Amino acid sequence: MGRLAETEGLTDIQEEILKTVRQFVDEKVIPVAQELEHADEYPTEIVEGLKELGIFGLMIPEEYGGLGESLLTYALCVEEIARGWMSVSGVINTHFIVAYMLMQHGTEEQKQKYLPKMATGEVRGAFSMSEPGLGSDVSAVSTKATKQADGSYEITGQKMWLTNGGSSTLVAVLTKTDEGAESVYKNMTTFLVEKTPGFGETAQGVTVPGKIDKMGYKGIDTTEMIFEGHKISADQILGGTPGKGFFQMMDGVEVGRVNVAARACGLAIRGFELGIAYAQQRQTFGKKIAEHQAILFRLAEMGTKVEVSHNMMVRAARLKDTGKRMDVEAGMAKMVASEYANEVVEDSFRIHGGYGYSKEYEIERIMREVKFMLIGEGTSDIQKMIIGRSLLKDYKS
Ligand SMILES: Cc1cc2nc3c(=O)[nH]c(=O)nc-3n(C[C@H](O)[C@H](O)[C@H](O)COP(=O)(O)OP(=O)(O)OC[C@H]3O[C@@H](n4cnc5c(N)ncnc54)[C@H](O)[C@@H]3O)c2cc1C
């Protein structure tokens, strides 16, 4: 990648992991991404390769069978993977968030039960907050978990936009429960719902109707999930105590923002690589287009945006790894990286001229994929709300 998106101060182990992942992406992902994406085909072989590399357990502590690596290592791996094909980073994203939520909030029993199998990729995670009527406004969750006389719960409602909704076997589901609290935020509970992979009735009272047809982010499944009286034990409440679901989910989404920033960085890097290569091949008016100042300036801006995004993402990840507060930094990194990725990829598309519109060129796929960065883990408007409110508190006059 030349001099851009370098990370200073990595350990030898981090360098080694990144080198391995980069090689895997160059050899096994980039050559097949275009074909699989156009066919909307699940990247089974790639996922098996990621399992072998230990990517599913990258951040899971060693005592539970993972590699015990930092959020920074994870984010840098995600950046590499998204550079190859964004959908593949989506396979591990929700898995990582569920594992993280278990690590932070699960009971010891829940950790023992799920984390070792998540580390190998045998159990695969999805997380579900969104519903047909809500995405940004998580407080409006209407899927209800009702306590039964025997202490168990029954879940009824409809969930929407589950990344890995079909392929997952463990779904962290945010529900509304009646804890008698005045605040709506304290009447929400996260359940760990077990299901079989696939579509149709995947567990008693849990139906996954099919894949949602999307403009990009193809290959992996995004689904609805319908709960009709799904019976679930109170043992499956994340952390064992009801009423904490909203805060657990927000914690998961916060690290998820670093993850989306890393994916956006990966897409921007690839957009830049493709653009700068094409600009040195294509000739117009007797010279390479890179020699026209308009293209040269565009490349300079693209490179600068790659650099800014990467550094903000790395800083947010490092803050989290040192246990410091990073809500503002994660929101800023996510907003800047996703907006810049869209600009960089569009600039690369422009550099490609008419060929960028052809399905033979990688930039066509990336143009569609990068749009999702503006939405996932909270839109830019929502990031601005989080950043702005937090800054007002910090700078209260
Ligand atoms: C491919 C894909 C995969 C997804 N995967 C998952 C998943 O795995 N799990 C999951 O739970 N969800 C998932 N989502 C859902 C995603 O998180 C939401 O789509 C996203 O949060 C936006 O919510 P919404 O679509 O309901 O838009 P809305 O909340 O309806 O927002 C619509 C518009 O209004 C703006 N807006 C909303 N409120 C405000 C405000 N207060 N101030 C200013 N502007 C505002 C938004 O920025 C946006 O522009 C996925 C979505 C997609 C498309």
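Order of listing sets the numbers, starting from 1, for every ligand and every atom in it. Please read all numbers here as calculations on a predicted model, not as lab measurements.
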Practice prompt. Flag the pair K218 and E37 as a salt bridge only when some basic side-chain nitrogen lies within less than 4.0 angstrom of an acidic carboxylate oxygen.
Written response: no

Item to complete: Report, as yes or no, whether the 6.0 Å neighbourhood of atom OH on Y357 holds more than 12 heavy atoms from other residues, nucleotides or ligands.
Response: no

Review item, side-chain donor-acceptor pairs of residues 285-299, under 3.5 Å, at least two apart:
from: H292; atom 1: NE2; to: T284; atom 2: O; distance (Å): 3.4
from: H292; atom 1: NE2; to: T284; atom 2: OG1; distance (Å): 2.9
from: R298; atom 1: NE; to: D347; atom 2: OD1; distance (Å): 3.3

Fill in: Close-range residues for ligand 1, whose non-hydrogen atoms fall below the 4.0 Å threshold
T94, F127, S128, M129, S130, L134, G135, S136, W161, L162, T163, K214, Y217, T222, F372, I375, T379, D381, I382, M385

For residues 47-57, please give each side-chain donor-acceptor pair under 3.5 Å, one per line with the distance, not counting sequence neighbours.
from: E48; atom 1: OE2; to: K51; atom 2: NZ; distance (Å): 3.2

Worksheet item: Same hydrophobic cluster for V98 and I220, using side-chain heavy-atom links shorter than 4.5 Å among ILVMFWY?
Response: yes

Worksheet item: How would you list, by chain and number, every residue that makes a side chain to side chain contact (heavy atoms under 4.5 Å, CB included) with T44, sequence neighbours excluded?
Response: Y42

